[in-house]
Amino acid sequence: MPRILITSALPYINGIKHLGTLAGSMLPADVYARFQRSRGNETLYICATDEHGTPTELAAAEAGVAPSDFCAEMHKVQYDLGRKFGLSWDHFGRSSSPQNHRLTQRFAQTLWEAGFIEERVTQQVYSLADKRFLPDRYVIGTCPHCGYTAARGDQCENCTRVLDPADLIAPRSAISGSTEIEIRDSKHLFLRQSLFAPKLREWIEGKKGEWPLLVTSIALKWLDEGLQDRGITRDLAWGVPVNAMDWGANPEGKLPDLAGLADKVFYVWFDAPIEYIAATWEWADAVAAEAGLEPQDVNWERWWRLPEASDVTYVEFMGKDNVPFHTVGFPCTLIGVNERRDGEGRWSVVNNSPWKLVDQLKGFNWLDYYGGRFSTSQGRGVFMDTALELLPPDYWRWWITANVPESQDSSFVWEQFQAQINADLADVLGNFVNRILKFTETRFDGAVPADGLDGPLEQKLAKDVAAKLAELTEHMEAREFRKSTTALRQLWVLGNQYLTEAAPWTALKTDPARAAVAVRTGLNLVALFAKVSEPFIPFTAEIIAQAVGESFPGRWPQPDAALDILPPGRPVKAPEVLFRKIEDDQVAEWIARFGGAEPVPQPA
RNA sequence: GGCUGGGUAGCUCAGCUGGUUAGAGCGGUGGAUUCAUAACCCACAGGUCGGCGGUUCAAGUCCGCCCCCAGCUACCA
């Protein structure tokens, strides 16, 4: 049986995520994970918080707490919110975990000893007032090209020109505003990505047509522009320490400069992808602890290391901003650990249990808010915590999945959200479940009727359902989420069409057996909908399953037996209204609260 | 500036290697129905496929130029 390993891009620890983050990785990954489990495939869905880097240190300082405490608290917040949205992580780890420290350091050591990491001295801006090195964008000043006075050290937002902090006129710290800044030398480790360029190109070229165009295009863009070596350490206090005292000599016989690397931590983008692996290790430790076993009794490497993992399909989900790090940076790390390169550029596998590279990479564009970006500072857009105060998670899950930015940026618009939720969930699905169950209660004593035999109408329905179910299954296998939601909605529509045609309320007067067939068929449709809707709207799917006495979560149905689920005589019961409609005055209120098409008027 | 992606009905989007009258949902209009959350079901409305030029028997689909939107441009993550 195939195994499916799923990771979604790690949400950054710095604050509560908005709907775009949910759309860009976590929710599609969850829908896919639920589908795969429902298909009976052994599935592991891994996610974690991405905790290191300058923004974390600054946010913790602002909150007046240590970064470790800040992260521990925010991890819990993000975990709870994810669970409330029904995200079915097998494990939601932390990139600051001991497991990730160990793996990151071990990988770095291997890369050093293989000659894939080298030391370089770089010039970095240091702020005396802040007592820290400043990343380029944390230095602001006047743009030498356009005179904009709040240009960042990496790029001027006004004229869009790419800058170097040294270009800025009157540079100052973006943190404190202090002009007491200077350029200092700092020793750093660089991952020699340039050595990997030909190998990566061959790998990416082979994924053309298989991965989304967006993904291969971004990856090839980086290769076409010439892959540069990348600094993988930073001058920060919070992170995975380089800790190179046990490292051996590199191929040139050189040992690392322990003094020069003493206060360095790894760059967040070096350790964050490794956390996918480390979080799997965390998962195994947690499973072992729960079962009263020793940690080594749960084998987590079978998900990651060949040949044991040869039956694993590894699927990554992420927004387009993450694509370079997953198609270039992380693969360099893994290939560098797995293989060696000789002087002629020939590669050979040295590790007898190499780490697995990604098989399927699903990348997404941006979800905007009325055509603009979500903005924390301006209070523009909807965030995960407030979303759940307004409406149940399934409303959000459905809309986001149906509008996920697969081929281009898409927009969240309240009016459209309202229209789609009301039509799809309340009118089509919710009303269908309600109408057939209510009818069963009033006319068939609330039990699946046994009388009658299928006629042409039922045969046609079975054929249509089988075709649509096959289509849905195919789209889900291909991770085509918009098309999947379309197929699912069409499946729901088949239910309403059938019921209208079969009209048991009419048949009841002349041919009770015919009415019984229609009701039984309708109830089986309800059971079917519970099963196929579960990946998308799990909370409601469970209520629907219970209404017809089915266990939950159920197995993904086979097309030829999709309508043969419920035994005659099974008691059924109409649930409370599944989806309450979103009213116009609610929408008006939310637009006023969160912003809409019109710019939010500034108080005078 | 360079590069990447996108520009298809009022709105949100499908349209693979070029091939009969360009599709879906929403919104709109009309009809049917009464089991149901004033729900469902049926039908209709119609867009010079961003612009111009080219290749071809045939172009939304290929080529060239131009316009517009978004992103990236390596120390934000």
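As a basis for the values below, the full set of heavy atoms in this structure was taken, side chains included, without hydrogen atoms, waters or symmetry mates. In what follows, every chain begins at residue 1, and chains take the letters A, B, ... in the order their sequences are listed.
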Look at all strands and tell whether [X] reaches a base, only sugar-phosphate, or nothing, counting heavy atoms closer than 4.0 Å.
X         : value
Trp366(A) : sugar-phosphate
Asn422(A) : nothing
Asn496(A) : sugar-phosphate
Thr122(A) : base
Phe133(A) : nothing
Asp368(A) : nothing
Gln228(A) : base
Glu501(A) : nothing
Val125(A) : nothing
Gly226(A) : base
Asn365(A) : nothing
Arg489(A) : sugar-phosphate
Leu578(A) : base
Arg152(A) : nothing

Selected nucleotide, minimal atom distance to Ser410(A) side chain, candidates rU37(B), rC76(B), rC13(B):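 Closest of the options to the side chain of Ser410(A): rC13(B).
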
If you check the Arg482(A) side chain, which of rC35(B), rG5(B), rU12(B) turns out closest? rU12(B)

Between Asp235(A) and His188(A), do the side chains contain an N or O donor and an N or O acceptor separated by less than 3.5 Å?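 Indeed, the side chains of Asp235(A) and His188(A) share at least one donor-acceptor pair under 3.5 Å.
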
Tell me whether the centres of the aromatic rings in His18(A) and Phe412(A) are closer together than 6.0 Å. no

Rounded to whole Å, please give me the gap between [atom1] in [X] and [atom2] in [N].
X         : N       : atom1 : atom2 : value
Glu415(A) : rG25(B) : CD    : C1'   : 17 Å
Asp154(A) : rA74(B) : CG    : C1'   : 11 Å
Asp424(A) : rC26(B) : CG    : P     : 8 Å
Met74(A)  : rA77(B) : CE    : P     : 17 Å
Asp584(A) : rG27(B) : CG    : P     : 12 Å

Roughly how many Å apart are [M] and [N], using the [atom1] atom of each and rounding to a whole number?
N       : M       : atom1 : value
rC63(B) : rU55(B) : P     : 15 Å
rC68(B) : rG31(B) : P     : 48 Å
rA74(B) : rC65(B) : C1'   : 32 Å

rC35(B) base stacked by Phe439(A) (centroids within less than 5.5 Å, tilt under 30°): no

[X] vs [N]: side-chain N/O to OP1/OP2 distance below 4.0 Å:
X         : N       : answer
Lys438(A) : rU37(B) : yes
Arg137(A) : rC76(B) : yes
Thr486(A) : rA24(B) : no
Arg373(A) : rG71(B) : yes
Gln408(A) : rA70(B) : no

So with a 6.0 Å cut-off around CD of Glu474(A), is the heavy-atom count from everything else above 12? no

Parallel, tilted or perpendicular for Trp590(A) and Trp414(A), by the 30°/60° rule? tilted

Tell me whether the rings of Phe374(A) and Phe383(A) are parallel (<30°), tilted (30 to 60°) or perpendicular (>60°).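 It falls in the perpendicular class, over 60°.
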
Check if the side chain of [X] and the base of [N] share a donor-acceptor pair of N or O atoms closer than 3.5 Å.
X         : N       : answer
Gln124(A) : rC75(B) : yes
Gln420(A) : rU12(B) : no
Asp427(A) : rA39(B) : no
Lys221(A) : rC72(B) : yes

Would you verify whether the NZ or CZ of Arg192(A) falls within 45 degrees of the ring axis of Phe116(A) while also being under 6.0 Å from that six-membered ring's centre? no

Give a yes/no verdict on a cation-pi contact between Arg373(A) and Trp366(A), requiring under 6.0 Å between NZ or CZ and the six-membered ring centre and an angle within 45° of the axis.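 So Arg373(A) does make the cation-pi contact.
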
What pair of heavy atoms forms the shortest contact from Phe579(A) to Gly430(A), and how long is it? CD1-CA, 4.2 Å

d(Lys221(A) NZ, Ile218(A) CD1) to nearest 0.5 Å is 8.5 Å

Is there a side-chain contact between Trp211(A) and Ile204(A) (heavy atoms, below 4.5 Å)? yes

For RNA chain B, what string of dots and brackets results from 5' to 3' when Watson-Crick and G-U pairs need both distances under 3.5 Å, crossing pairs get [ ], and pairs with another strand get |? (((((((..((((.....[...)))).((((.........)))).....(((((..]....))))))))))))....

